[in-house]
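As the structure lists them, so they are numbered: ligands from 1, and atoms in each ligand from 1. Here the structure is a predicted model, which is why all the values come from computation and not from measurement. Residue numbers count from 1 along this sequence.
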Amino acid sequence: MKPIAFPKQPISRRDVLRAGAVGLSALPSLGLPAATGSKYHNSLWYRQPASRWEEALPLGNGRLGAMVFGRLGQERLQLNEDTLWAGAPYTPDNPESLAALPQVRQLIVDGKYKEASDLAGAKMMAKPLWQMPYGSLGDLLLTFDASHEPTHYERRLDLDTATTTTHYRNPHGDFSREAFSSAPDQVIVLQLVARSGRIAFDLAYRGPRAVESASPDYSGSATSLVSSQATDWSMAEPVGTRRADTTMVEDGRDALLITGRNEAGPNGQSGLTYAMRIKVVSDGSISVGSSGIEVGNASRVTLLIAAATSFVDYGDVSGDPIATVRQQSERAARKSFEALKHDHIRDYRALFGRMTLDLGRSAAADRPTDARIASAESARDPELDALYFQYARYLLISSSRPGSQPANLQGIWNEGTNPPWGSKYTVNINTEMNYWPADPAGLERCVEPLLRMVEDLSMTGAKTAKAMYGARGWVVHHNTDLWRAAAPIDGTWSGLWPCGGAWLCNSLWDHYDYCRDAKVLERIYPLLKGASEFFLDTLIEDPNGRGLVTSPSLSPENGHPFGVTLCAGPAMDRQIIRDLFAHTIEAGRLAGLDAALMEQIARARLRIAPDRIGKNGQLQEWLEDWDGLAADQHHRHVSHLYAVYPSGQINVRDTPELLKAARTSLIQRGDLATGWGTAWRLCLWARMGEGDHAYAVLKSLIGPQRTYPNMFDAHPPFQIDGNFGGATGIMEMLVQSWGGEIILLPALPTAWPAGQIRGMRARGDVTIDMSWRRAKLASLVLRGKPGSELRLRYRGETRIVTLDSQGLHKANDLFSLR
Ligand code: FUC
C-alpha cells in the first residue's frame with residue numbers, strides 16, 4: 001500500500017489554547033445575572049438521601065462508575081466496571097442465512113412481507129438470538145453504628161470538580177463524605193470526615209444481583225418520576241447471601257480483596273473474572289476479615305476502591321484483574337487524599353472546562369435539583385437548561401474516556417445483572433445519539449472509545465457480511481455488545497436492519513469533520529471503505545425502477561401496514577448510505593487512495609432511490625406510500641427524518657419541498673415520545689429553525705416525566721441517550737454547522753433572550769465564543785486554522801470571514817446592519 005498523503009494537522013492544541021486566552025477576554029460583559037456566582041452553580045443538590053437508584057448521584061472516570069446514595073444509617077455505593085458484561089467471546093453468525101437471502105428478497109418483491117419475515121426469522125437471525133447484557137459490580141454498604149435524624153443535611157454533585165459531597169449534623173456530630181472516580185489514578189476514592197464526633201462503620205459487599213426496574217414504556221412516561229415519599233433517615237438494605245463463586249479475603253492488614261465471575265450469557269458461557277480491592281487509610285482502628293471491614297473510632301477514613309476484569313479485548317479474556325487492582329490501590333495509597341483529589345480535578349477540568357454556557361438565571365435556580373425538575377415544565381428556569389447541558393457533558397466525560405468502553409445505553413451506570421435492553425449498544429439511534437454532543441461540546445477526546453469499537457466491529461462485522469450476505473466489507477445490525485457481535489438479534493421486527501455500521505461510520509465522519517485531525521481520517525478511512533463495499537455488494541435494483549435499495553431491511557422498529565417491519569429500501573437506509581458513500585468518497589479523495597473504487601461508489605450513490613413525498617404531503621418513511629396506514633402514527637423513532645438531523649441532506653436552505661414534507665411527518669408523529677425520542681424531536685425542530693417549538697420540547701424533556709430526580713433521562717426506564725440528545729438540541733438552537741456554513745442563533749427561543757457560550761465547536765475545526773442580548777448577536781470570536789475562510793450565516797445574511805495569522809477573528813460588528 002502506498003503511503004497516505006493526509007493533510008497536515010491544521011492547528012495544534014497549544015495554538016488553540018493560546019488563541020483561546022485571547023478570544024475569551026474579548027467577550028464584553030453582558031450585564032447578565034451572574035449564573036456563575038451562586039453557591040450551587042453547576043451542581044445537583046438535595047436535602048435528603050437517595051431512596052431509589054434514580055436519585056443517587058453518578059461518578060465515573062470513563063471505566064469505573066459509582067452511584068452514591070448519601071444515606072445516613074447506611075451509605076451505599078453501587079459500583080460498575082465497564083468491561084463486566086455477561087458471556088465470553090463468541091461469534092453469532094448464522095450459516096443458514098446466505099441460502100435464505102434470495103428467497104427472502106423475492107418474497108419482499110412479491111409483496112409477501114409476512115412470509116418474508118417468517119422465513120428470515122427462522123433462517124437469518126443470530127445464534128443465540130440475544131446478545132450479552134452489561135452487568136453490575138455490586139454494592140459496598142457502609143453501615144454506621146450510630147445514626148440519628150439530622151439537624152442539617154445536604155448532598156451534592158459538583159460538575160466543576162466531578163465530586164459528590166454529603167454533609168450532615170446530628171446529635172452524634174458533624175460529618176461529611178466526599179467521593180470521586182479518578183481517571184489519573186484509576187480508583188474510586190471515598191473520604192469520610194468527622195468534624196465533631198467519631199466515625200465507626202462496617203463495610204460489607206453485596207455482589208451482582210438481578211434487580212427490579214420499571215418495565216419499558218415505549219411511548220414515554222405520562223406520569224411524574226419524582227418520588228413523594230417521606231425521607232427514611234435510617235434506611236438500610238440487607239447484604240444478602242454471597243454467591244458461591246465470590247470470594248472475599250483480607251489482602252494485607254488494611255485491604256479487602258473480592259473476586260468473582262461474570263454472569264453466563266444467553267449461550268450459557270461465562271468467560272470473565274473480576275476483582276475489586278478496597279484499601280483503607282484511617283486514623284481509627286481497621287479490621288479486615290472475610291465478611292468485610294470494620295472501622296472504629298476514626299475522625300478520618302479514606303477508601304480507595306480499585307476494580308478490574310480479565311477482559312483484554314473482544315477475543316481475549318486473559319487479563320489478570322487481581323494484579324491490576326493490587327497495583328492500582330497500592331499506588332493510590334502512596335498519595336494523600338488531597339493529592340488524589342487535586343490530580344483528579346486537574347485531569348477532569350481539562351475536558352469539562354472547555355465549554356461554558358450561560359442562559360441567564362431566575363430565582364428558581366436557588367431550589368434543590370429535584371424540586372426544579374418537578375416544576376421544569378412551568379417554571380422559568382433557564383439555568384436548569386444550562387445545567388442539563390453541562391450534566392450531559394459531565395456524563396460523557398465520566399462514561400467515555402480514551403481506553404474505556406464507549407458509553408452504552410446507561411453510560412456505565414447500571415444497578416443489576418438484568419438491565420433493560422441489556423444496557424448494550426443499540427445502534428439504530430441510541431449509541432449514535434450518545435455521541436452527538438461530543439464534538440460540538442468540546443469533548444472530541446471522548447469519541448475515542450467509539451472509534452475503537454467501530455474498528456473492532458469492522459473485524460467481527462466482516463465475518464457477518466461474508467457468512468450472511470456473501471459480501472465484502474462489513475456490516476452491523478441494530479445492536480452490539482462487549483463482544484462486538486454484529487449479526488441480527490432479538491427478532492426480525494427490530495433486528496434485521498443492516499445499517500448500524502454505516503450510521504456509526506457517519507458519526508465518525510462527523511467527528512473528523514469537526515476536528516479535521518489527519519490521524520482520525522487515517523483511522524476512519526478503512527472503516528468507511530469497508531462499510532461502503534458491503535453496500536456495493538448488497539444493494540439491489542428496485543423492480544419498479546426507483547433505484548438502488550437495501551433488502552431485506554426495515555425502518556427502525558416501525559411496523560408497516562402489512563403487520564411486520566420487513567421491507568426493501570426504507571428511507572433511512574437510503575439516506576444513511578447516501579451519506580456513507582459521500583463521506584467515503586471524500587475520505588478517499590483526501591487520502592489519495594482507491595480512485596477506481598471511489599468512482600464506482602459515486603456511480604452507485606447517484607442511483608440510490610431518492611426521497612419521496614407521499615400523498616399526505618409527508619416525507620415517506622418507506623419506499624411505498626404507507627405512512628398514513630401504519631399502525632403506530634406516533635412512533636418514537638423518526639428514522640426517515642435522519643436526513644434532517646443528524647444529517648443535513650434535507651435542510652431549510654437547499655431543499656424547501658423536502659423540508660416541508662419532513663415537517664409534515666414530524667407534526668404527524670407528535671412531540672411526546674420516550675426520552676431519546678423527545679430529544680431527537682428537539683434537534684429536528686432546531687434544525688428546522690423553530691426555536692420556540694424546540695424549546696417547548698426541551699421543557700418536556702427536562703420535566704419530571706422524562707427526567708429522574710438525579711437528572712438521568714427516562715425512556716423510561718433510565719436510558720442515557722436522552723441526556724446526550726437533549727444537550728445536542730440545546731446547542732443546535734444556538735449554533736449549527738452544516739452545508740459549508742456556520743449558522744448563528746438559528747433557532748433561538750424567546751426564553752433565552754440573552755446569554756453566552758464559550759468554546760463551542762463547529763465543523764471545520766472552529767471554536768466559537770458568542771454572546772447575544774435582546775435576542776440579537778452581541779459579540780463573536782472565532783478561532784481556528786490561521787487563514788481559513790469561514791462562511792457565517794445569521795438571520796438570512798451571509799458573510800465570509802478569514803481567520804488571521806493567529807487563527808482568530810473577532811467580529812463584534814459583523815452583522816451590525818440589523
Ligand atoms: C431501541 C428503541 C427502544 C429502546 C432500545 C434500547 O430499540 O426502539 O425504544 O431505546 O433501543
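Using a cutoff of 4.0 Å between basic side-chain nitrogens and carboxylate oxygens, Asp118 and Lys114 are scored as salt-bridged. Comment: Glu455 does not engage Arg452 in a salt bridge, judged by the lack of any side-chain N to carboxylate O separation of less than 4.0 angstrom.
Contacts with ligand 1 closer than 4.0 Å are made by side-chain heavy atoms of Leu409 only, the backbone lying farther away. By the criterion of a heavy-atom distance under 4.0 Å, neither the backbone nor the side chain of Thr674 is placed next to ligand 1. Looking at Gln719 against ligand 1, only its side chain comes within 4.0 Å, counting heavy atoms.
Lys123 is linked by a salt bridge (charged side-chain N to carboxylate O under 4.0 Å, His left out) to Glu96, counting only residues two or more places apart in sequence or in another chain. Take Arg669 and apply the salt bridge (charged side-chain N to carboxylate O under 4.0 Å, His left out) test, not counting sequence neighbours, and it matches Glu621.
For Arg393 (side chain) and Phe389 (main-chain N/O), no donor-acceptor pair under 3.5 Å exists by modelled atom type.
Here the rule is side chain to side chain contact (heavy atoms under 4.5 Å, CB included) with Tyr645, and of Val638, Thr728, Ile650, Leu682 only Thr728 fits it.
Annotation for ligand 1: atoms under 4.0 Å from non-hydrogen atoms of Thr426 are 1 (C), 6 (C), 11 (O).
Checked by atom type, the side-chain pair Asp721/Asn430 shows a donor-acceptor distance below 3.5 Å. In this model, a donor atom of one side chain and an acceptor atom of the other lie less than 3.5 Å apart for Tyr90 and Asp481.
Here the heavy atom of the protein found nearest to atom 2 (C) of ligand 1 is His637 NE2, 3.5 Å. Protein heavy atom nearest atom 11 (O) of ligand 1, with residue, atom name and distance: Asn430 OD1, 3.2 Å. The nearest protein atom to atom 4 (C) of ligand 1, hydrogens excluded, is given as His715 NE2, 3.5 Å; this is a heavy-atom distance. The nearest protein atom to atom 1 (C) of ligand 1, hydrogens excluded, is given as Glu557 OE2, 3.2 Å; this is a heavy-atom distance.
Considering backbone and side-chain N/O atoms, Tyr218 never comes within less than 3.5 Å of an N/O atom of ligand 1. Considering backbone and side-chain N/O atoms, Arg636 comes within less than 3.5 Å of an N/O atom of ligand 1. Checked by distance only, ligand 1 and Trp421 stay at 3.5 Å or farther apart across all their nitrogen or oxygen atoms.
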